[in-house]
Visitor: 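Structure below; questions to follow.
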There are 2 protein chains.
Amino acid sequence: MVYSLILSNIAKHIQLTKKEEDLFLSLLEEKKIRKKQFLLHENEISKFTAFVNKGCLRSYSIDRNGFEHILQLAPPNWWIADLHSLISKQPAKLNIDALEDSELLLLYREDHEKLFSDVPKFERFFRILTENAMAATHSRLLDYMGLNAQERYEGFCNRYPSLMRSLPQKQIAAYIGVTPEFSSKMKADLLRKQK
Amino acid sequence: MVYSLILSNIAKHIQLTKKEEDLFLSLLEEKKIRKKQFLLHENEISKFTAFVNKGCLRSYSIDRNGFEHILQLAPPNWWIADLHSLISKQPAKLNIDALEDSELLLLYREDHEKLFSDVPKFERFFRILTENAMAATHSRLLDYMGLNAQERYEGFCNRYPSLMRSLPQKQIAAYIGVTPEFSSKMKADLLRKQK
DNA sequence: GCAATTTCTTAACCTAGATTATTAGTAAAC
DNA sequence: GTTTACTAATAATCTAGGTTAAGAAATTGC
């Protein structure tokens, strides 16, 4: 497993000494999971945050009618967790599984806390990380509130062209909040329009 | 203006010395605004975070059809800002105004940064604050994706009974994402059901 | 205290997107 | 290399919630 990705991810916001870097890396657990395997099941208590080195994960909830709604997609260089379960130590409402064979680095909550007290700079790093994630989630919520399905679909194409290519379109539908049937219709309409 | 509310808000997560407390309070700017006055206009660059001591604010965006969508409601003891504009220094996509006459404490971004370097504990405080806000926003996004209007309406009644009483119902409609007309219909249906 | 504005209610009608069903393509498993 | 299981396309039908309109009630301002 390579650590260059996670170290450059961190170096964007804080500078670590060699010693701090080593401490941090020593806390990480490497994990490989195969497509469709779960990292977290609903009702479990989430014990770690995962950094995606390779592959792609998703977190999603299942509604009363059995439909999946994707809260987060995590391609390489992203962090993913059930934040609510992690901080409240309550059972997760989310599932997290792999959309492709993936390589992860896990940071367990207790080590995470230890890291915060040993290297306070990490408070800063995760404060900034969470602020950015918050701003992104705000913008997604506003899209849900103010845009129609076609606009959300086009927004996704523009923002995540590589996911657009790598993910099955039913996953994209579950992310933008439409049925796969309607997503297929929008795709056909778009193609027709472009010609 | 009283500082007890903001100090207890902070004391929930970090302990400050008297000196740190004084430094923090010295950075705050008191501001009173009247109902309907703006704290931030779309396209301005957001320069501060506001803590609500009294009253109630909202942040919202206006969609292409002129409809308002409320991103956040901030009753007393809550923080509010256009986070995206604040961290990216880009023009705000949100408006922030007062739903009632309100008393605020403003923390300007430059003082905020100063606070982070002078008292690193505040990194921790705002990290935790943002994590909690993130978890709340996740849950709200999942509600948008998986619940129908009636369920979101009932969810709001249960979670925020006091806002339910103090806010005009068109604001509640703009928060849960329905038209005022449909919100009125749901209210009538609920009353009928309860009898 | 009254006029002006804003908010709320009700109801008829409309539409974006869901549902259901069928058929076809694609990839994985044996 | 054929069976099994996902994944996608298309189309007919249905419905939750939006739109429009018009009157009633509540607030606000002077």
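Each chain gets a letter, A, B and so on, in the order its sequence line appears, and its residues count up from 1. Note that the structure is a prediction, hence the values are computed from the model and not measured.
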Visitor: What is the distance, to the nearest angstrom, from the OH atom on A:Y144 to the C1' atom on C:dA16?
Guide: 15 Å
Visitor: Hey, does A:K187 reach any base, or is it just sugar-phosphate, or nothing, if we go heavy atoms under 4.0 Å?
Guide: sugar-phosphate
Visitor: What pairs with A:E29 under side-chain hydrogen bond (donor to acceptor under 3.5 Å, both in side chains), at least two apart in sequence or on another chain?
Guide: A:Y108
Visitor: For B:F67 and for B:K35, locate the closest nucleotide of DNA chain D by heavy-atom distance; then report the residue assigned to the nucleotide nearer the 5' terminus.
Guide: B:F67
Visitor: Between the side chains of A:N9 and A:W78, is a donor N or O closer than 3.5 angstrom to an acceptor N or O?
Guide: no
Visitor: Atom CG of A:N65 and atom P of C:dA18: how far apart are they, to the nearest Å?
Guide: 12 Å
Visitor: With a strict under 4.0 Å distance from non-hydrogen atoms of chain B, what nucleotide opens and what nucleotide closes the contacted stretch of DNA chain D, reading 5' to 3'?
Guide: D:dG17 to D:dT28
Visitor: B:F48 and B:L86: which non-hydrogen atoms are nearest, and at how many Å?
Guide: N-CD1, 3.6 Å
Visitor: Could you go step by step and tell me if B:Y175 and B:Y60 meet the ring-ring contact (aromatic ring centres under 6.0 Å, His included) rule?
Guide: CA-CA 9 Å; B:Y175 184 89; B:Y60 64 98; over 10 Å; no
Visitor: Between atom CG in B:N148 and atom C1' in C:dG17, what is the gap in whole Å?
Guide: 15 Å
Visitor: For the residue pair A:H41 and A:F38, does the interplanar ring angle fall in the parallel (under 30°), tilted (30 to 60°) or perpendicular (over 60°) class?
Guide: parallel
Visitor: Give me the residues of residues 153-183 of chain B where at least one heavy atom lies under 4.0 Å from an atom of DNA chain D, by number, or none.
Guide: B:G177, B:V178, B:T179, B:E181, B:F182
Visitor: Tell me: CG of A:D189 to C1' of C:dA16, nearest whole Å?
Guide: 12 Å
Visitor: Hey, are B:R58 and B:Q72 close enough side-chain-wise for a donor-acceptor pair under 3.5 Å?
Guide: no
Visitor: Please name the pair of heavy atoms, one in A:E68 and one in A:A174, separated by the smallest distance, quoted to 0.1 Å.
Guide: O-CB, 3.7 Å
Visitor: A:Q169 vs A:Y153, test: side chain to side chain donor-acceptor pair (under 3.5 Å). Steps then yes/no.
Guide: CA-CA 11 Å; A:Q169 74 186 53; A:Y153 183 80; 5.7 Å; no
Visitor: Nearest whole angstrom, please: distance from the P of C:dT7 to the CD of B:E100.
Guide: 14 Å
Visitor: Let me test you: for the helix from C:dG1-D:dC30 to C:dC30-D:dG1, what is the angle between the axes at its two ends (five pairs each), rounded to 10 degrees?
Guide: 60°
Visitor: Cluster partners of B:L71, using ILVMFWY side-chain heavy atoms under 4.5 angstrom, listed by chain and number?
Guide: A:L71, A:L94, A:L141, A:L142, A:Y144, A:M145, B:L94, B:L141, B:L142, B:Y144, B:M145
Visitor: Mind calculating the distance between CG (B:L191) and P (C:dC8) to the nearest angstrom?
Guide: 14 Å
Visitor: For the residue pair A:F116 and A:F126, does the interplanar ring angle fall in the parallel (under 30°), tilted (30 to 60°) or perpendicular (over 60°) class?
Guide: perpendicular
Visitor: So, using salt bridge (charged side-chain N to carboxylate O under 4.0 Å, His left out) as the criterion, who are the partners of B:K47 when residues are at least two apart?
Guide: none
